[in-house]
Amino acid sequence: MGSETIKTGRLANGEAQKSVHKERRGLSSNGMNGKHENLGSNRAGTSSSGEGYDLMMNTGDVDGNLDGDIEPVFVCKKARQGDLTFQDIHDHGDFFDEDEEDDSDWEPVQKHVELIKWFCVNCTMVNLGDGVVCDLCGEHKDSGILRLGFFASPSSQDAGCSEVESEMKGKNKEMHSQLSASNSSTAIGFDQRMLLHSEVQMKSHPHPERSDRLRAIAASLATAGLFPGRCYPISAREITREELQMVHSLEHIQDVELTSHIFSSYFTPDTYANEHSACAARLAAGLCADLASTIFSGRVKNGFAMVRPPGHHAGVREAMGFCLHNNAAVAALAAQAAGAKKVLIVDWDVHHGNGTQEIFDQNKSVLYISLHRHEGGKFYPGTGSANEVGRNGAEGSCVNIPWSRGGVGDNDYIFAFQNLVLPIATEFAPDFTIISAGFDAARGDPLGCCDVTPAGYSRMTDMLYTLTGGKLLVILEGGYNLRSISSSATSVIKVLLGEGPGSELGNIAPSRAGLQTVLEVMKIQMNFWPSLGSSYAKLQSQWGAYCNTRKQIKKRQRTEPPIWWKWGRKRLLYHILVRRLHVKSKGKPSLHSS
């Protein structure tokens, strides 16, 4: 208890420690006015009042001079401000230095504030504080998106069986009673073992390519009664090494296989693997190969490969961009092995499929068309400029449509489909079509930052549907906002099942940047696809009219007086200038007018 009291007194005013120090030295003497007291006890007793004193006596022998006059050298160490002069401090500086308490070990009482941090289940972004809704995407931290998919309310907590779930179950029962064999013409490729591929140790936040992506899509399809239900499941198998060697080098295949013996590994800083990743990659590639051959042989009409890890960044010799094996490339060669002569791959993932392009840029029998953010090579992976067209006799087999900015939406994509994708694909005349369907250009995606809606994806799917008589395989690539990826995938599968994409297209007005990109690509690809010639001339005139309109608007903005002149001292000048501009805009009467 004594030590606790001393410690508490020291923390209170820093004086008690000095008292203990004095007592250890045994320093006691007659005080002023002949009073005899222990200085340490006096200090301890007076410290509570905040007026503690230390008397330093100049005595050669304290016991021998008890009755003598004692001259105090220093009277007050802790005195009120103003009691000491600069002369006192100068004369007794050594005393201050010698007797000053060492408080280097003193630490103030600190309040530990616990910072609440949580990651959004929908977009993986970090949120600070005790809020329950994501600051970025607005998703509730306990939403039911993994149970109901995008049908779950984004702003409320999952409360078990909801009205939405009951309503969807009722609709599904009604729909199942009307199903016939022809309704099961769309196959779905999925296997639970692909969910085991995951990053072992989380870094700053959850990895965007996570197993919840497939869970959210599966939940949406189940809630909508599409799968299980209207779609046909195919059994999964692992791709063989011989099939993989048609796409990848043996060294690459062995590198991926090696990860099955390692608890955690990385091919690149963002491309992880665990002991289950090699199996997941083989399952994904095997499902895509079997779907392609099954569709082309006519056993099913079309299909959707709900697979991971994704594949379009995986090249001949390396894994990158979350991708291990190139699923689209494996599927294309499987379709050709089943009898297809020409295969079209349309890649609408927001990132360029550099791996797919590398594999086929010397192959005239496979046409690769990619729509992606490029921004002069500054957007990942930096490849995919408009002048990358194929090589070694296969020029024109690669068509890159590189957007120059983010925020690209439905109008620009559909405009590019109408004026580039469909004309080139029609001239190519494929036997089989594959869509590398990354949904990271979707509205709300944290990586893509574009603005394509589920209606836009369903419209693009519908435009490709008739190219090869409905023989169409959609393969999942990227997409990292669970609500966006699940709603977009569901819209695409509904088109595969024969449901229309919705309202008819009117006149599509692209953005200025979108029109410019389409024109640049057309100018290059005209050398390989002559059917683009007539469209290019028409779009050039449209571009010219657009630029002239913009110039006139800017010129008018420069000549118009500032609007605040209208209410200030220059209001008369404002009205004169505006009236003069109004007359000029009407134009002078012609000499030949009646």
Side-chain angles (χ1 to χ4, degrees), residues 145 147-152 164-165 167-190 213-234 287 291 294-295 300-307 346 348-349 409-410 413-414 417 433-445 452-477 479 481-505:
I145 192 166
R147 193 172 63 85
L148 297 175
F150 73 95
F151 294 100
V164 173
E165 192 172 8
E167 183 181 349
M168 292 305 297
K169 282 182 179 178
K171 286 183 179 179
N172 293 341
K173 284 182 182 178
E174 197 175 311
M175 190 180 297
H176 288 315
S177 63
Q178 300 172 356
L179 289 179
S180 62
S182 61
N183 292 114
S184 298
S185 59
T186 297
I188 299 287
F190 174 70
R213 298 170 63 241
L214 294 193
R215 290 190 180 98
I217 296 174
S220 297
L221 297 180
T223 305
L226 302 181
F227 180 74
R230 296 175 61 189
C231 296
Y232 171 77
I234 70 164
L287 280 166
L291 279 167
T294 302
I295 293 167
V300 295
K301 192 171 184 180
N302 49 56
F304 186 93
M306 193 163 60
V307 296
V346 176
W348 66 43
D349 190 284
D410 292 352
Y413 272 84
I414 293 171
F417 260 64
T433 301
I434 296 171
I435 300 176
S436 272
F439 295 109
D440 42 6
R443 178 179 295 171
D445 190 274
V452 183
T453 66
Y457 284 118
S458 64
R459 174 63 63 184
M460 290 188 285
T461 305
D462 184 65
M463 294 170 83
L464 293 171
Y465 188 80
T466 56
L467 273 176
T468 51
K471 292 181 178 180
L472 175 64
L473 171 59
V474 182
I475 300 174
L476 182 65
E477 297 286 358
N481 178 304
L482 301 189
R483 191 165 291 276
S484 299
I485 191 176
S486 58
S487 58
S488 300
T490 302
S491 295
V492 167
I493 291 172
K494 284 183 177 180
V495 173
L496 296 181
L497 286 166
E499 296 185 21
S503 59
E504 291 296 322
L505 286 174

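Quick note: numbers below take in every heavy atom, side chains included, and nothing from hydrogens, waters or symmetry partners.
Between T223 and R147 the shortest heavy-atom distance is OG1-O, 4.1 Å. Across all non-hydrogen atoms, the minimal contact from G189 to I234 is CA-CG1, 4.2 Å. Annotation for A442 and Y457: closest pair N-OH, 3.2 Å, computed over non-hydrogen atoms. The minimum heavy-atom distance linking E499 with R230 is given by the pair OE2-NH1, 2.9 Å. Nearest heavy-atom pair, L473 versus A305, reported as atom, atom and distance to 0.1 Å: CD1-N, 4.3 Å. The two atoms that bring A489 and F304 nearest to each other are CB-CZ, 4.0 Å, heavy atoms only.
A side-chain donor-acceptor contact under 3.5 Å links N481 to the backbone of G444. Looking only at distances, no side-chain donor or acceptor of R483 sits under 3.5 Å from a matching main-chain atom of I145.
Among L291, V307, I435, L287, the one residue that satisfies the side-chain contact (heavy atoms from CB on, under 4.5 Å) test with I475 is V307. Screening S488, S486, S484 for a side-chain contact (heavy atoms from CB on, under 4.5 Å) involving F150 leaves a single residue, S486.
For the atom pair CZ of F417 and CZ of R459, the computed distance is 12.0 Å after rounding to the nearest 0.5 Å.
In summary, the side chains of T453 and D410 do present a donor paired with an acceptor at a separation below 3.5 Å, with no hydrogens or angles considered.
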N/O donor-acceptor pairs under 3.5 Å from side chains in residues 491-498, not counting sequence neighbours:
{"unit_1": "S491", "atom_1": "OG", "unit_2": "S487", "atom_2": "O", "d": "3.0"}

